[in-house]
Structure formats: C-alpha cells, structure tokens
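Worksheet for the structure shown next.
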Amino acid sequence: MAKLEMKTPLVEMDGDEMTRIIWKMIKDELLLPFIDLKTEYYDLGLVHRNETNDQVTKDASEATKKYKVAVKCATITPNAARVKEYDLKEMYKSPNGTIRAILDGTVFRAPIQVKGIDPVVKNWKKPITIARHAYGDVYKASEMKIPGAGKVELVYTAEDGSQESVLVHEFKGPGIVQGMHNLTDSIESFARSCFTFALDTKQDLWFASKDTISKKYDHTFKDIFQEIFDAEFKTKFEEAGITYFYTLIDDAVARVMKSEGGFIWACKNYDGDVMSDMLSSAFGSLAMMTSVLVSPHGYYEYEAAHGTVQRHYYKYLKGEETSTNPVATIFAWTGALRKRGEMDETPAICDFADKLEKATLDTIESGQMTGDLKLITTLPNAVKLNTEDFIKAIRKTLEASL
Ligand code: NAP
Ligand code: MG
C-alpha cells in the first residue's frame, strides 16, 4: 500500500521516560508504516534540554508558531530529585509553562470515551472538555497573616502617583488577608481560545464564575467573555449551530452533573484546577485524557494529560514487563494529524487519524487493553496486554480497517 503524503510538517516534541518509549513504538507501529510522516523534530527529553540550557524548548515553541501544529510527548518537570538524577545545570522550568508563555493560550482536556469504561456519572454519554484559565487569581496572590487589631486596605498607585484605595477589613483581632489579581489581556486571550476551540470542535461553550458575589473581579470575567462573544463570535456560533452559555459556578456544577456531556466547560484558574481532577477521575482514567493547548493566534499543541509514568519506566529499565496505556499519546498524534490535514486540506490525513482512533477504541472494546483499564472495565472478556503487544494489537485492527 502506498504511504499517505503529508504537505506541511508537524512540530514533533519528544519527551521522557516511559512515554518516550511509547512515543517511538507509536511511530514505528502505527504511523511510519502508513504515512510519509513529515515532522520537524525537537528532543525535549531532559538530557537534551540540559545540553541546550533549555534552548530546545524555546526553539520548539518558535517552530510551532511557524507550522501552527505540534505534538508533544510528556516531559519531566525537574525538582530537586531530578536535578540530582540527571546532574542538571539548573532546575529548568516546566516545558509546558515555557511553551505556554511563548504561544499564549489555553489548555483543553477531554476524556476519551470507550465502551466498557463507564463514567461514574451514569448520564454522561459524551465527553466534557474542560478549559482552565492558566493565569493569576489565587495562584499569583499575595497573602499576609494579621497579628491583631488594625486596618487592611488595598491601595492602587497609578504611574502619575495618584492613589485609589478600598478598605478590606477593620480587624478587631488576628486574622488573614489575601490580595489577588488578573489581567485584561489574559482574560481576553482565554476567552478567544475558548470560543475558537468551541467552533473548531462544534461544541457548546459554558463559562461560569461568581459574579453575584464578586461584582468587580468575577464580573469582569463575565463581561469580557460576553463582549468578545458579541463582537467576534456570535454570528459564527449561530452558523455552526452552537451556543455560548454563562451561569454561576455553583449552578454550572449542578448542571454538569445532570448533563449528558458534549460541551466545553471554561473555568477560572482555581475552578479549573479542582474540576479537571473531578472530571478525569469520574470519566475513568488519567491515561485516557487528552490535552491540547489552543493559542488565540491559531497555534495548536497536542499531548496526553498524564506525565512520563516514571514508575513504569523504572520497571522497564529493569527488564520487567510493563502495561502502560498509550491511548492518550496516540490521540495526541491523531489530534495533531487531523488538525494538520484540516489546515493543509488533505482529507486523507484526517481520514487516517479517524481510522487510527477507531482502531484504538475497537481494540479495547474487543477486550484487549492495558492493566489500568483492565482494573476498571465492565467488559467480561477483558485481557491485559503488555505495552508493546497492545500497540501491536491496535496495528492489526488498523490494518484490517484500511
Ligand atoms: P504520571 O506520569 O501521570 O503517573 C502517575 C501514575 O498514574 C502512574 O504511576 C500510573 O499509576 C498512572 N498512569 C499515568 N499515566 C498512565 C498510563 N499512560 N498508563 C498507565 N498508568 C498511568 O505522574 P507522575 O508520576 O506524578 O509524574 C511523572 C513525571 O511526569 C514527573 O517528572 C512530572 O514532572 C511529569 N509530568 C509531565 C506532564 C506533562 O509533560 N504534561 C504532566 C504531568 C507530569 P501506577 O503506577 O499505579 O500504575
Ligand atoms: Mg491540580
């Protein structure tokens, strides 16, 4: 069979540990035999990040601006233990943080649903995609312990020296105080990424905050979303047959639990932190969660939501058998290939991405799966395969479908 042609390269960011092993297996078994794969390769593995003083992460991000679509393997975010383990020159920042700082944008996480792995919430028939605003609020707050009676005020000093202040509290005794902020630019780009991704995936968009209580702070989020929607997206949403829906955060939570899914839920930073863990555990498994960074400038970076699966890697290094789930990493590749195909107008590439996803899900539904899924499946005939055999089983299903 002739290999499928690609027009424009993808930016390929390789990574670390078990996911690096899986990365190569996916390419060798599921991509290279079928596609004349064009990528611009960047090795974001920690060894090479260290050799380049992390320049490679910046170069890969700049390349993503050029080619617009990237696919990324999970990478180690160094901590003190990793500095020792890899003899690092410094404790480099999280690659995802560096990439996001260069591309701007919002991370969307969605569960991959498959028969036999049932969500805890029975009525969730379709995936719920969560978008978390990744700047500010409590994550960049300043805090203080108040030792005793006294007055706390917020003071804004403008560049010309003029001041405006507001009383926080007249303390009668000890207490605590916190000051947090956000930026109009950041909220605007969050809103644009959310509206853009809703159009891309033809799903309704929900956004929620606590504007009834927080009449300036949260209300500004609500207003910015509404203004951008009205000015730039309303007509496009109508044409696509999708809606933008704003409600209070507590009401949103209640509605999400009773919904059947199939929409995007945009969350402020803290809400997104909490709700994304709730959704991923309720949908089944972190290993079945995809993640895509959508920049308001039209760049896309696809990856799995999980990390490098370190514990499995150490087993692998000792020559022990592993059963690591490659599904989210496969879907990172298919997401990127489909987007590449859409941008290049090469429908055969999109079609291949669809077939590879279907082959992956069909393989699981036939009862062949990795250990993490075997533990939670309701399928009666499930068999646990090791990492490599599972990928080979997907290849067999894929070949039969081509
Ligand atoms: P992790 O790699 O997500 O793994 C945590 C545990 O979840 C694993 O030990 C495993 O449980 C289970 N798991 C996760 N993915 C799985 C898969 N594909 N198949 C089967 N089981 C899976 O998180 P971590 O161990 O906390 O972090 C390891 C490294 O990843 C860290 O250095 C961290 O910096 C990095 N990280 C990177 C990213 C990213 O690049 N986006 C995200 C998060 C973390 P069992 O061991 O019980 O089988
Ligand atoms: Mg968290």
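From a predicted model like this one, the values you see are computed outputs, not experimental measurements.
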For Glu164, is the CD atom crowded, meaning more than 12 foreign heavy atoms sit under 6.0 Å from it?
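Not more than 12 within 6.0 Å, no.
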Does Lys38 have more than 12 heavy atoms from other residues, nucleotides or ligands lying within 6.0 Å of its NZ?
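Enclosed: over 12 neighbouring heavy atoms sit under 6.0 Å from NZ of Lys38.
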Given Arg49, which of Asp59, Asp16, Asp43 fulfils the salt bridge (Lys or Arg N to Asp or Glu O under 4.0 Å) condition?
Asp16
Kindly assign one of parallel, tilted or perpendicular to the pair His297 and Tyr299, based on the angle between their ring planes and the thresholds 30° and 60°.
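Judged by the thresholds at 30° and 60°, the geometry between His297 and Tyr299 is tilted.
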Is the Phe195 ring parallel, tilted or perpendicular to the Tyr244 ring (thresholds 30°, 60°)?
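Aromatic pair Phe195/Tyr244 classed perpendicular.
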Test Phe190 against Phe225 for ring pair (Phe, Tyr, Trp, His ring centres under 6.0 Å), laying out the working first.
CA-CA 9 Å; Phe190 176 50; Phe225 265 72; 5.5 Å; yes
Listed partners of Tyr41 passing ring pair (Phe, Tyr, Trp, His ring centres under 6.0 Å), at least two apart
none
Does [X] reach the main-chain N or O of [Y] with its side chain, forming a donor-acceptor pair under 3.5 Å?
X      : Y      : value
Lys122 : Pro119 : no
Ser162 : Ala158 : no
Asn53  : Gln55  : no

Salt-bridge contact Asp14-Lys24 (side-chain N to carboxylate O under 4.0 Å):
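Looking at Asp14 and Lys24, the cut-off is not met.
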When you check the gap from the basic side-chain N to the acidic O, do Lys210 and Asp218 get nearer than 4.0 Å?
no
For residues 6-13, dump all side-chain donor-acceptor pairs below 3.5 Å to protein atoms at least two apart in sequence or in another chain.
residue, atom, partner, partner atom, Å
Lys7, NZ, Asp344, O, 2.8
Thr8, OG1, Asp344, OD1, 2.8
Thr8, OG1, Asp344, OD2, 3.1
Glu12, OE1, Lys27, NZ, 3.3
Glu12, OE1, Thr39, OG1, 2.8
Glu12, OE2, Trp23, NE1, 2.9
Glu12, OE2, Lys27, NZ, 2.8

Go through Thr363 and Thr397 one step at a time and tell me if the side-chain hydrogen bond (donor to acceptor under 3.5 Å, both in side chains) criterion holds.
CA-CA 7 Å; Thr363 304; Thr397 318; 2.8 Å; yes
Derivation of the side-chain hydrogen bond (donor to acceptor under 3.5 Å, both in side chains) call for Ser280 and Asp277
CA-CA 5 Å; Ser280 64; Asp277 277 15; 4.6 Å; no
Tyr316 pairs by side-chain contact (heavy atoms from CB on, under 4.5 Å) with which of Thr324, Ile21, Thr387, Val309?
Ile21
On the six-membered ring of Phe221, is Lys268 placed so that its NZ or CZ lies under 6.0 angstrom from the centre and within 45° of the ring axis?
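Checked: cation-pi criterion met.
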For Ser323 and Gly371, which heavy atoms make the closest approach, and how far apart are they?
OG-N, 2.8 Å
With Glu5, which residues qualify under salt bridge (charged side-chain N to carboxylate O under 4.0 Å, His left out), at least two apart?
none
